[in-house]
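Working notes, structure below.
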Amino acid sequence: MNLLVCISHVPDTTAKINFDAAGTALDATGVQFVINPYDEFSLTKALHLKEAHGGTITVLNVGGPETEPTLRKALAIGADQAIRINATPTDAITVAKELKNHIAANAYDLILCGQESIDYNGQQVPAMLAALLNLPFVNACVDLVIDGSSATATGEIDGGHATYTGNLPLVVGGKKGLVEEKDLRIPNMRGIMTARSKPLQVLEATEHDAATRAAKFVKPAAKSAVKLVDNVDELVHLLHNEAKAI
Amino acid sequence: MSIIVFVEDWNNQFKKASFEAVSYAKSWAELAGTTVTAVTSSGAADPAALASYGADRIVTIALAATPYGIAQQLAAMAEGAAGMVIAGTSIGRSIAPALAALAGGALSTNTTSVPTGTAPVTVVRGAFSSKGIETIELIGGLPMVSFVPNSVGIQERAGAGAVESMDTAGTDLLQVTEKTIASGQVALPEAEVVVSAGRGLKGPENWAMIEELASVLGAATACSKPVSDIGWRPHSEHVGQTGIQVNPNLYIAIGISGAIQHLAGVSASKTIVVVNTDAEAPFFKAADYGIVGDAFEVVPQLVNAMRAFKAGQ
C-alpha cells in the first residue's frame, strides 16, 4: 500500500501560549514543537497497515525548515520517507491546496490525517483536501479496516458511531481509537539513527491566496479564584442564584 | 443575497443546535440587512417551526446520506448567497470544510460569536486548545461560519417562514452501512450540563452515583482520559484533548485532577465545579466552585440536594 500521513507541527500540549507584540501570530519563543497528537494516531495506524499489507509510508507537511525535526521524528517512529512543502501555512484552504497538488500527482491508496491540529483547532484541512480531490472522507475516524481495494471506516458522530464502506483512495481524520493510546509508537535509538539517512524531500509551494486572516489573538481572561464551599446546599444555592447554571 | 443556514435534524426532529443555527443566521442577517434561507431535510417533521427563530424562506431537500453529498447539495445553492451558517455538530464539522472547498468559501470553524462586523465578516473563535481567542476576518470568498453548539444561544425572532421543496442531488462517495446512536442519553457535545468523573472514583462499579446525578440534572456523563484508557468507561465519554471538547453551561468534575489535556477540552464551559479530596489538585485553579472532599460522601449528598432543588422548581 502507498500510505500518506499528513503531519502538523504544533506547540506541545503543555506549552505556554503567547502572542507577538501585534497580537496577530503565535510567539514561538521558547515553545517546544511536537507532532500533532491527533496525527500520532494516524501515523501509528499507517505502521500497523504497512505491517499487515506491506507498502511504503510517506509523511507530508506544509511548513518552513523549522518543521523538519518533526518530520525526522515521524521517520524515527517508522515512516519511510518525508516530504516538506516549503510554505508558511496561512490558513486551512491554502494548506489543503498545497497538499492536494502533491497528492493529485501521486498514487496514494490512503491519506491519513489527524482530525484536527491542536494549534488552530480548525478541523478543516482533511475534509477540504478530500473535497478538492473528490475522494471519500471519514472524520473522527476510530476504526479502519482495509480489504483489498475497499475500506470500512467508523467515525464518531454525536452520541454514537457511523460506519461507512467505499473504495480506496480514502481520506480519514484520525483520532484516539484508530489505534489505542498504549499502542502509540515512540522513537527508539535505532529508529533515530536510521531516520537520519531516510529521504526528506523539499518541494516548492505553489502559492495560494488565503481565505481568512487572523486579525487578533488574545489570551482568555484569567479565571477568578475558585470559591470553595463547605456543603452541597451552599453549592446548589450558588449555582442557582449566582452562576445561574441550574 | 440571503444568509443560508443548514439545519440538521435528528431522526426527523429538530434539536437545540438546529434552532441555534437559525438564530445565528438571523443575527448575521440583521447585521447585514438581509434575509435568512434555512435548508433542511425533506424528512424533518416540522420545517415551519424554523420561522419562529428567524427563517424567512425554508427550503426542504432530500438530503444525501453522507456529509460530502450534503456539502455538494449546499454548494449548488451557494451562488449569490451573502453567507452560510452550519452548526459545529459532528456532521456539521464534516460538511462545512467540504462546502468551503467546493463553493470557494472563507470559513471560520470553532466559532463562538455572531459576526461583529460585515466588511469583512469578522467573528471570534477558539484556538490553541482554549489557550487563545482569535478574531478572524473572512476575506477571500463566500463567508461561512461553523459555530460551537451552545455558544451563542437561541433567540426567538419571527421570520416570514415560507416553506418550499427543491430538487438537488449530491453524490455520496461512501455507503453508510451502520449507524448507532445511544438512545435515552444526552449527547455529550451538545449537553448543557455535564457530570464527569475520574480515577478518584476508584472503579467502574462506582459510576452509579455519577449516572444518578446526571439523571437528576438532565446531564450527559463524561470521564477523564485515564478512565477511558483503562476501560472503566467508553472512549466516547472521554472529554479533553484527543477526546471530545465540550461547552456546557455547567461542568461538574468529580475525582479528576485536571491535567492540561483535560482542561483543553472543558475550559470553554461557562461554570465549572470541582469535587476532589486533594485541595492542591490543579483543576481547582480552573474552577468557579469547589468542594474539597471525598466523592463517596459528597456525590450522594449532592444528588439529594439537587433532587430537592429540582422538586422545588
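Nothing here was measured: the structure is a model prediction, and the numbers come from that model. Each chain gets a letter, A, B and so on, in the order the sequences are listed, and its residues count up from 1.
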Part of B:Val273 within contact of chain A (heavy atom distance under 4.5 Å)
side chain

Is there a donor in the side chain of A:Lys244 and an acceptor in the side chain of B:Asn249, or the other way round, less than 3.5 Å apart?
no

Using non-hydrogen atoms only, which part of B:Thr177 is less than 4.5 Å away from chain A: side chain, backbone, both, or neither?
both

Let me know if B:Phe309 has heavy atoms under 4.5 Å from chain A in its side chain, its backbone, both or neither.
side chain

Please flag which part of B:Ile95 lies under 4.5 Å from any non-hydrogen atom of chain A: side chain, backbone, both or neither.
neither

Angle class for the B:Phe283/B:His262 ring planes (parallel below 30°, perpendicular above 60°, tilted otherwise)?
perpendicular

Which atoms of B:Ser108 come close to chain A, meaning under 4.5 Å heavy atom to heavy atom: side chain ones, backbone ones, both, or neither?
backbone

Among A:Gly166, A:Ala162, A:Pro37, single out the residue with the greatest number of heavy-atom pairs under 4.5 Å to chain B.
A:Ala162

Without hydrogens or angle criteria, can the side chains of A:Thr67 and A:His9 be said to hold a donor-acceptor pair below 3.5 Å?
no

Could you go through A:Thr152 and A:Thr165, starting from their C-alpha distance and side-chain angles, then the distance that decides it, and tell me whether this counts as side-chain hydrogen bond (donor to acceptor under 3.5 Å, both in side chains)?
CA-CA 4 Å; A:Thr152 301; A:Thr165 58; 5.6 Å; no

For B:Ala98, which atoms come within 4.5 Å of any heavy atom of chain A: side chain, backbone, both, or neither?
both

Decide side-chain contact (heavy atoms from CB on, under 4.5 Å) for A:Val142 and A:Leu178; before the verdict, give the C-alpha distance in whole Å, the side-chain angles of both, and the deciding distance to 0.1 Å.
CA-CA 4 Å; A:Val142 292; A:Leu178 191 53; 5.9 Å; no

Rounding to 0.5 Å, atoms CG (A:Asn231) and CD (B:Gln301) come to a distance of 8.0 Å

Check: B:Ser267/A:Lys223 side-chain N/O donor and acceptor closer than 3.5 Å
no

Do you know which of A:Val10, A:Leu26, A:Val125 has the most heavy-atom pairs with chain B at a distance under 4.5 angstrom?
A:Leu26

Look at A:Glu116 together with B:Arg93 and state whether they make a salt bridge at an N to O cut-off of under 4.0 Å.
no

Part of A:Lys175 lying under 4.5 Å from any heavy atom of chain B:
side chain

Identify which part of A:Leu228 has an atom lying under 4.5 Å from any heavy atom of chain B, answering side chain, backbone, both or neither.
both

Identify which part of A:Gln123 has an atom lying under 4.5 Å from any heavy atom of chain B, answering side chain, backbone, both or neither.
both

Answer with side chain, backbone, both or neither: which region of A:Ala214 has an atom nearer than 4.5 Å to a non-hydrogen atom of chain B?
both

Side chain / backbone / both / neither for B:Leu107 at chain A, heavy atoms under 4.5 Å:
both

With a 4.5 angstrom heavy-atom cut-off, is it the side chain or the backbone of B:Ala286 that approaches chain A, or both, or neither?
backbone

Non-hydrogen atoms of chain B under 4.5 Å away: do they reach the side chain of A:Asp158, the backbone, both or neither?
both

Which region of B:Ser130, side chain (C-beta onward) or backbone (N, CA, C, O), has a non-hydrogen atom less than 4.5 Å from a non-hydrogen atom of chain A, or is it both or neither?
backbone

Bottom line for B:Gln245: the part with an atom under 4.5 Å from chain A's heavy atoms is side chain

Side chain, backbone, both or neither: which part of A:Pro11 has an atom under 4.5 Å from a heavy atom of chain B?
side chain

Pair A:Asn134-B:Tyr68, side-chain hydrogen bond (donor to acceptor under 3.5 Å, both in side chains): steps then yes or no:
CA-CA 9 Å; A:Asn134 195 33; B:Tyr68 186 49; 2.8 Å; yes

Do A:Glu156 and B:Ser236 have side-chain N/O donor and acceptor atoms under 3.5 Å apart?
no

Is any NZ, NE, NH1 or NH2 atom of the basic residue among B:Asp288 and B:Lys270 found under 4.0 Å from an Asp or Glu carboxylate oxygen of the other?
no

So what's closer than 4.5 Å to chain A heavy atoms on B:Pro67: side chain, backbone, both or neither?
side chain

